[in-house]
Amino acid sequence: AGLVEPHPYQRAAVADVMTIDDVVVKTVTLIGTAVVSAAVTWAMMPDALLGVAWISAAVVGLILGLVISFAQLTNPALMITYAVVEGVLLGAVSKFYESLYSGIVLQAVTATLGTFLAMAALYKAKIIRATPRFMKVVIGLAAGLMLVMLVNLVITLFTNSPTVLRDGGPLAIGFSLVCITVAALMFVVNFKQIEDGIALGLPRRYGWLGAFGILVELVWLYLEMLRLISYFSED
């Protein structure tokens, strides 16, 4: 007897589940959108407005990111909007730093991509295993750091001067190194969540959340790399 032809609804259901290829496409889409948005911001944004664009994009991006994360939203338009906003942030921040330290953006991009690829290789080789305890600890550390950075940002805005966590001193260097380490480990958390989603056969739209998580970590890692390199670029 030949193979039984699956019911049309069954075929649709199978086609509508998360796959690694689909997550990759969505991730590339979000990263590409952010890069284009950053390039346009860099080229079109007057230097006098960089600060306004920087702060505005950071606030809007934070709000959108929290809404997407806590509500587990998978709307493609919302994801693209988030990527555009993050691109504005990246473009404004990068243009500002490049004006102070020539070549710093290329160094930060290289370090960020290198770290991402290294973590992907370590995860694939099972050198770093995302155990339940690992996941809880890393997510807890990331949440704690985000809270500290948010409070630090508010203090900086009100005092108009950097705190000891961001003034380029030994404590600031140490804080950036901690942030870079946790951001790198968060890639492992993202990879595990994507892997689990695929194993559970989650609907295809959840691939957007996987792509969103990777974009969030890439942006965080890049900004920390940019800041850390700037500390060592001072005259």
Contact list for residues 100-113, test salt bridge (charged side-chain N to carboxylate O under 4.0 Å, His left out), sequence neighbours left out
none

Roughly how far, to the nearest 0.5 Å, is CE of M119 from CD1 of I127?
10.0 Å

Evaluate side-chain contact (heavy atoms from CB on, under 4.5 Å) for V182 paired with W220, printing each intermediate quantity in order.
CA-CA 10 Å; V182 175; W220 182 21; 4.0 Å; yes

Check step by step if side-chain contact (heavy atoms from CB on, under 4.5 Å) holds for I214 and E217.
CA-CA 5 Å; I214 291 176; E217 302 313 325; 6.0 Å; no

Answer yes if L147 and L165 sit in the same cluster of Ile, Leu, Val, Met, Phe, Trp and Tyr residues linked by side chain heavy atoms under 4.5 Å apart, and no otherwise.
no

Do the ring planes of F191 and Y123 sit parallel (below 30°), tilted (30 to 60°) or perpendicular (above 60°)?
tilted

Tell me whether L106 is reachable from L117 by hopping between hydrophobic residues (I, L, V, M, F, W, Y) whose side-chain heavy atoms are closer than 4.5 Å.
no

At their closest point, which heavy atom of Y101 faces which heavy atom of S230, and how far apart are they?
CE1-CB, 3.6 Å

Is there a chain of hydrophobic side chains (I, L, V, M, F, W, Y, each step under 4.5 Å between heavy atoms) that links I63 to L153?
yes

Kindly say whether F96 contributes a backbone atom to a donor-acceptor pair with the side chain of S99 at under 3.5 angstrom?
yes

Got a second to check how far K26's NZ is from I31's CD1, nearest 0.5 Å?
14.0 Å

Scanning both residues in full, the closest heavy-atom pair of F212 with G65 reads CZ-O, 3.7 Å

Over all heavy atoms of both residues, which pair between M79 and T74 is shortest? Give the atoms and the distance, please.
CE-CA, 4.1 Å

Residues pairing under side chain to side chain donor-acceptor pair (under 3.5 Å) where one sits in residues 102-122, two or more places apart or in two chains, turn out to be none

Honestly curious: do W54 and V154 fall in one hydrophobic cluster under the side-chain, below-4.5 Å linking rule?
no

Verify side-chain contact (heavy atoms from CB on, under 4.5 Å) between Y206 and D22, making sure each step is shown before the conclusion.
CA-CA 10 Å; Y206 283 96; D22 189 54; over 6 Å; no

Would you name the heavy atoms of G103 and E98 that are closest together and state the gap between them?
N-OE2, 2.7 Å

Interatomic distance, I139 atom CD1 to F134 atom CZ [nearest 0.5 angstrom]
9.5 Å

When rounded to the nearest 0.5 Å, the distance separating CD1 of I155 from CG of N160 is 14.0 Å

For the residue pair Y82 and L215, establish whether any side-chain heavy-atom pair is separated by less than 4.5 Å.
yes

Do F175 and V164 touch side chain to side chain, with heavy atoms closer than 4.5 Å?
no

Would L113 and V35 show up in the same hydrophobic cluster when neighbours are defined by side-chain heavy atoms closer than 4.5 Å?
yes

So do the side chains of M18 and W208 get within less than 4.5 Å of each other, counting heavy atoms only?
no

Value rounded to 0.5 Å, distance of CE in M146 from CG in L150
10.0 Å

Below 4.5 Å, heavy atoms only, C-beta onward: do L202 and V17 meet side chain to side chain?
no

Check the pair K95 / D47 against side-chain contact (heavy atoms from CB on, under 4.5 Å), numbers first and verdict last.
CA-CA 8 Å; K95 187 175 183 179; D47 291 349; 3.1 Å; yes

With heavy-atom distances below 4.5 Å as the criterion, would you say the side chains of V105 and W42 are in contact?
yes

Over all heavy atoms of both residues, which pair between V85 and A57 is shortest? Give the atoms and the distance, please.
CG1-O, 3.4 Å

Do the side chains of L141 and T181 get nearer than 4.5 Å, heavy atoms only?
no

Atom NZ of K192 and atom CD1 of I128: how far apart are they, to the nearest 0.5 Å?
14.0 Å

Give a yes or no answer on whether the side chain of S37 reaches the backbone of V88 with a donor-acceptor pair at less than 3.5 Å.
yes

Testing the basics here: between I198 and I20, what is the closest heavy-atom pair and its distance to 0.1 Å?
CD1-N, 3.5 Å

Side-chain heavy atoms of L89 within contact of L223, under 4.5 Å
yes

Sub-4.5 Å side-chain heavy-atom contact between L226 and V93:
yes

